[in-house]
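All remarks here apply to the structure that follows.
Since the structure is predicted, the reported quantities are computational estimates derived from the model, not experimental observations. Values reported hereafter were calculated over all heavy atoms of this structure, with side chains retained and with hydrogens, waters and symmetry mates removed.
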Amino acid sequence: MNVLIIGGGGREHALAWKISQSPKLKKLYALPGNPGIEEFAECVSGISTDDNSAIVNFAKDKKIDLVVVGPEAPLVNGLVDALEIAGIKSFGCKKAAAQIEGSKIFAKNLMKKYNIPTADFEVFDDLNLAKDYIRKKGAPIVIKADGLAAGKGVIVAQNLDEAIQAVDDMKNFGTAGSKIVVEECMVGEEASLLVFTDGKTIAPMVAAQDHKRVFDGDKGLNTGGMGAYAPAPIADEKVLRLAEEKILKPIVSALKSEGIEYRGCLYAGLMIVEGEPKVVEFNARFGDPETQAVLPLLKSDLLEIMLACAEGNLAEKEISRSSESAICVIAASGGYPGSYKKNLPIEGIEKAKALGALVFHAGTAKKDGKIVTSGGRVLGVTVTAENLEKAVERVYKCMEVINFEDMHYRKDIAAKAFAGSNRI
Ligand code: AMP
Ligand code: GLY
């Protein structure tokens with residue numbers, strides 16, 4: 001098969017790495033790809049990931065059998081719809097289904113209609129009414145922009161002043177913030193559960209836990225994710241069963257009842273509140289960096305699973321998972337998620353690989369044949385081992401051999417897994 005991956009982050013590097021192991025693969029392309037993906041795929045430049053017709057033409061020209069869409073923006077932008085019209089298969093959901101991530105109001109209303117557990121909420125387009133509601137409800141309280149806001153449209157306000165300020169700040173998100181959701185603040189521990197689905201059957205991957213804040217101890221600003229590990233013990237058997245029965249199967253069939261078939265990867269961001277999962281958010285795609293921890297634990301052929309999702313025969317697939325644990329630690333540019341330097345030479349990637357790590361590129365570029373930094377999240381370093389303790393020990397040894405100026409990484413990825421019942 002000829003396969004085209006859309007995207008160029010750490011998630012797409014992990015997808016390319018795993019897809020390249022498939023005996024079914026003939027040729028892999030990536031748009032735009034990155035210097036790590038280059039090892040497995042021909043990286044394509046000169047086409048924008050939001051130019052649906054150029055991508056369709058490229059796919060026709062190269063006789064692409066499957067397009068794998070990594071990020072949310074092309075999904076929301078209808079890339080899969082455009083490919084379908086041209087008779088090209090995709091792993092990814094269509095525009096209507098991508099609303100589950102693209103519009104918080106769509107997702108919340110759907111959950112309400114079909115009784116899927118989530119935080120209580122109200123929707124406002126009048127910001128003064130939102131403020132009145134917040135004053136009535138009190139803090140802590142959560143304020144969200146409706147549309148995609150590059151992960152910045154959610155504010156968990158600890159007091160009333162912060163909450164009122166958050167409502168005013170929603171104006172900064174343009175159309176994404178013209179309508180807002182105000183919701184109950186859930187208290188618990190989070191887990192990310194990613195599932196493959198063909199719109200009828202769901203096949204969950206191993207549950208992961210992301211670390212969104214920039215500093216140890218969940219301090220500092222929210223980021224795209226500073227590290228992840230899997231399986232996450234907070235998502236025990238009971239939580240997984242409840243998530244499957246009360247959240248994942250119901251949401252896929254709810255979408256179907258609304259005339260929307262969801263195919264691809266569905267990501268449920270869960271809050272485990274007193275042993276029961278509630279939905280924080282849905283994403284219409286693989287998580288980043290969850291994918292870099294979850295895919296190394298997938299034993300089955302990813303390309304076959306993706307094709308089964310696209311063709312609607314996932315029920316016939318046996319999916320096997322490794323019993324090992326995996327951890328991915330992100331090496332970020334100092335200053336991220338604020339401003340940071342670029343073009344800094346990166347050392348030690350090969351050394352870390354020699355120690356057994358998978359080094360996934362995210363914000364990297366090639367300059368004069370050398371790998372340099374080019375983004376906030378630079379590398380995702382993943383180690384798998386027979387248990388999480390060993391994986392943690394080994395991944396941090398690998399982090400010590402990687403270096404670039406001002407490199408920052410969290411030293412406590414997976415610490416919550418060992419915190420037992422004292423979880424916060
Ligand atoms: P999002 O950008 O939608 O992933 O949200 C960012 C983060 O905000 C989530 O990972 C949670 O930590 C937090 N969050 C969102 N909604 C709630 C909620 N209702 N209660 C508590 N925390 C929340
Ligand atoms: N790691 C969070 C996300 O992919 O949305």
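The environment of NZ in Lys24 is sparse: at most 12 heavy-atom neighbours from other residues, nucleotides or ligands sit within 6.0 Å. Under a cut-off of 6.0 angstrom, the local environment of CD in Glu274 is sparse, with at most 12 non-hydrogen atoms contributed by other residues, nucleotides or ligands. Lys63 NZ: 12 or fewer foreign heavy atoms inside a 6.0 Å radius. Residue Lys137 places its NZ atom among 12 or fewer non-hydrogen atoms of other residues, nucleotides or ligands, all under 6.0 Å distant.
The pair Asp218-Arg410 counts as a salt bridge, with a side-chain nitrogen and a carboxylate oxygen less than 4.0 angstrom apart. Comment: Lys26 does not engage Asp65 in a salt bridge, judged by the lack of any side-chain N to carboxylate O separation of less than 4.0 angstrom. At a threshold of 4.0 Å, the pair Glu101-Arg285 counts as salt-bridged, since one of the basic side-chain nitrogens sits closer than that to a carboxylate oxygen. Ion pairing of Lys353 with Glu350 is present here, as a side-chain N (NZ or NE/NH1/NH2) and a carboxylate O approach within less than 4.0 Å.
Tested against Tyr267 for a side chain to side chain contact (heavy atoms under 4.5 Å, CB included), the candidates Asn283, Ile100, Leu193 yield a single pass: Asn283.
Geometric assessment of Lys89 against the ring of Phe91 yields a negative cation-pi assignment under the 6.0 Å and 45° thresholds.
Side-chain contact annotation: Asp146 with Ser103, donor-acceptor N/O pair under 3.5 Å present. Using modelled atom types and a 3.5 Å distance limit, the side chains of Asp169 and Gln165 yield a donor-acceptor pair.
Aromatic ring pairs are classed by plane angle as parallel below 30°, tilted from 30° to 60° and perpendicular above 60°; the pair Phe215 and His408 is perpendicular. Ring orientation note: the planes of Tyr133 and Phe124 are tilted relative to one another, at an angle of 30° to 60°. In this structure, Tyr29 and Phe58 have perpendicular ring planes: the angle between them is above 60°, well past the 30° mark.
In this structure the side chain of Asp288 reaches within 4.5 angstrom of the side chain of Gln292, judged on heavy atoms. Side-chain contact between Leu194 and Thr291 is present, with heavy atoms from C-beta onward closer than 4.5 Å. Here the side chains of Thr118 and Lys108 are in contact, with some heavy-atom distance below 4.5 Å. Between Leu314 and Ile305, the closest side-chain pair of non-hydrogen atoms falls below 4.5 Å. Looking at Tyr409 and Ile402, their side chains never come closer than 4.5 Å, going by heavy atoms from C-beta outward. Using a 4.5 Å heavy-atom cutoff, the side chains of Gln99 and Leu110 are not in contact. You'll find the side chain of Thr223 stays beyond 4.5 Å of the side chain of Arg213, heavy atoms only. A 4.5 Å side-chain heavy-atom check between Ser253 and Tyr114 finds every atom pair outside the cut-off.
We find the OG-CD1 distance between Ser90 and Ile6 to be 8.5 Å, quoted to the nearest 0.5 Å. A distance of 13.5 Å separates NZ in Lys299 from CD in Gln21, rounded to the nearest 0.5 Å. For the atom pair OH (Tyr262) and CG (Leu255), the distance works out to 8.5 Å, reported to the nearest 0.5 Å. Here the CD1 atom belonging to Ile247 is positioned 9.0 Å from the CE atom belonging to Met111, to the nearest 0.5 angstrom. With rounding to the nearest 0.5 angstrom, the SG atom of Cys309 is 9.5 Å from the CG atom of Leu66.
Asp126 contributes a side-chain N or O that, together with a main-chain N or O of Leu129, makes up a donor-acceptor pair within less than 3.5 Å. In this structure, the side chain of Ser300 engages the main chain of Ser320 through a donor-acceptor pair within 3.5 Å. One N or O on the side chain of Gln209 and one on the backbone of Glu190 form a donor-acceptor pair closer than 3.5 Å. Here the side chain of Arg377 pairs a donor or acceptor atom with the backbone of Gly224 at under 3.5 angstrom. Between the side chain of Asn77 and the backbone N or O of Leu79, no donor-acceptor pair lies under 3.5 Å. Put simply, the side chain of Asp120 never gets that close to the backbone of Glu184: no donor and acceptor are under 3.5 Å apart. The closest donor-acceptor contact from the side chain of His211 to the backbone of Val329 lies at 3.5 Å or more, if one exists at all. Judged by distance alone, the side chain of Lys18 and the main-chain N or O of Leu298 form a donor-acceptor pair under 3.5 Å. Checking side-chain atoms of Asp412 against main-chain N and O of Ala415 turns up no donor-acceptor pair under 3.5 Å.
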Decide salt bridge (Lys or Arg N to Asp or Glu O under 4.0 Å) for Lys113 and Glu258; before the verdict, give the C-alpha distance in whole Å, the side-chain angles of both, and the deciding distance to 0.1 Å.
-> CA-CA 11 Å; Lys113 183 168 171 189; Glu258 300 289 317; 2.7 Å; yes

Working for side-chain contact (heavy atoms from CB on, under 4.5 Å), residues Ile371 and His361 | CA-CA 10 Å; Ile371 305 291; His361 289 231; 3.9 Å; yes

Yes or no on side-chain contact (heavy atoms from CB on, under 4.5 Å) for Glu244 and Lys249, after CA distance, side-chain angles and deciding distance?
-> CA-CA 6 Å; Glu244 220 173 300; Lys249 284 183 188 162; 4.0 Å; yes

Could you walk me through whether Asn109 and Phe121 pass the side-chain contact (heavy atoms from CB on, under 4.5 Å) check?
-> CA-CA 9 Å; Asn109 283 336; Phe121 70 101; 3.6 Å; yes

Criterion side-chain contact (heavy atoms from CB on, under 4.5 Å) on Val381 and Met399, from CA distance to verdict = CA-CA 7 Å; Val381 180; Met399 296 312 287; 3.7 Å; yes

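The two atoms that bring Ala385 and Glu324 nearest to each other are O-CB, 3.2 Å, heavy atoms only.
For Pro32, the side-chain contact (heavy atoms from CB on, under 4.5 Å) test picks out Thr49, with sequence neighbours left out. Applying the side-chain contact (heavy atoms from CB on, under 4.5 Å) test to Val76 and every residue at least two apart in sequence or in another chain returns Ala98, Leu148.
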